[in-house]
Amino acid sequence: MFSGQPPGPPQPPPGLLGQASLLQATPGVPRTSNSTLVDELESSFEACFDSLVSQDYVNGTDQEEIRTGVDQCIQKFLDIARQTECFFLQKRLQLSVQKPEQVIKEDVSELRNELQRKDALVQKHLTKLRHWQQVLEDINMQHKKPADIPQGSLAYLEQASANIPAPMKQT
């Protein structure tokens, strides 16, 4: 079990009190009386992790045996993960049949969140666009066409030297 969790099986959410048996019993999969699908998923994940950091595997010389053991742990984890996904998909299907307005509310909420995210992205790009437009405008102002510059070589040199930064004095 993860730290911070009380011992024992997790309590089902309030809306699923009568449906906890689905978490506990999946057809075709033997389970102990107190074991739930979530508990098995957790234990299979821990077994995968343990198999990867186990001292037996680190000191082991038979690479094929190590690979087979790790593959079996990972396969068990993936199987239980699929069963867990199937359980939640079944619950989602039941919810969509029993309360279709709830599914529509969730979809609308997701669409609103997506619109807000995209609006923020558009604003970010507009800010960058304005910045670069200002940079280009500043560059264009610095490099005026010769027709815009006052006539006479002295006026041209004065304007050109005005854009050159003064050298820093060394102390």
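These numbers were taken from a predicted model, which means no experiment stands behind them.
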Using 0.5 Å steps for rounding, measure from the [atom1] atom of [X] to the [atom2] atom of [Y].
{"X": "Glu106", "Y": "Glu110", "atom1": "CD", "atom2": "CD", "result": "7.0 Å"}
{"X": "Asp107", "Y": "Gln102", "atom1": "CG", "atom2": "CD", "result": "10.0 Å"}
{"X": "Gln90", "Y": "Gln94", "atom1": "CD", "atom2": "CD", "result": "7.0 Å"}
{"X": "Leu37", "Y": "Phe87", "atom1": "CG", "atom2": "CZ", "result": "8.0 Å"}
{"X": "Phe88", "Y": "Leu93", "atom1": "CZ", "atom2": "CG", "result": "15.0 Å"}
{"X": "Phe77", "Y": "Ser43", "atom1": "CZ", "atom2": "OG", "result": "10.5 Å"}

side-chain contact (heavy atoms from CB on, under 4.5 Å) filter on Arg117, not counting sequence neighbours, yields Glu114
Taking all heavy atoms of Ile80 and all of Glu40, pick out the closest pair and write down the distance.
CD1-O, 3.8 Å
Looking at every heavy atom in both Cys73 and Cys48, which two are closest together, and how far apart are they?
O-SG, 3.1 Å
Is it the case that Asp138 and Gln134 place a side-chain donor and acceptor less than 3.5 Å from each other?
yes
Do Thr68 and Asp71 have a side chain donor and acceptor closer than 3.5 Å?
no
Quick one: does [X]'s side chain get under 4.5 Å of [Y]'s, heavy atoms only?
{"X": "Lys118", "Y": "Leu115", "answer": "no"}
{"X": "Leu136", "Y": "Gln133", "answer": "no"}
{"X": "Val103", "Y": "Lys99", "answer": "no"}

Salt bridge flag under 4.0 Å for residues Asp79 and Lys76
no
Can a salt bridge be assigned to the pair Arg92 and Glu85 using a cut-off of 4.0 Å between side-chain N and carboxylate O?
no
Please assess Thr127 against Lys124 for the test side chain to side chain contact (heavy atoms under 4.5 Å, CB included), listing each intermediate value before the final yes or no.
CA-CA 5 Å; Thr127 302; Lys124 177 182 168 185; 5.8 Å; no
Main-chain N/O of Lys105 paired with Ser109 side-chain donor or acceptor, under 3.5 Å
no
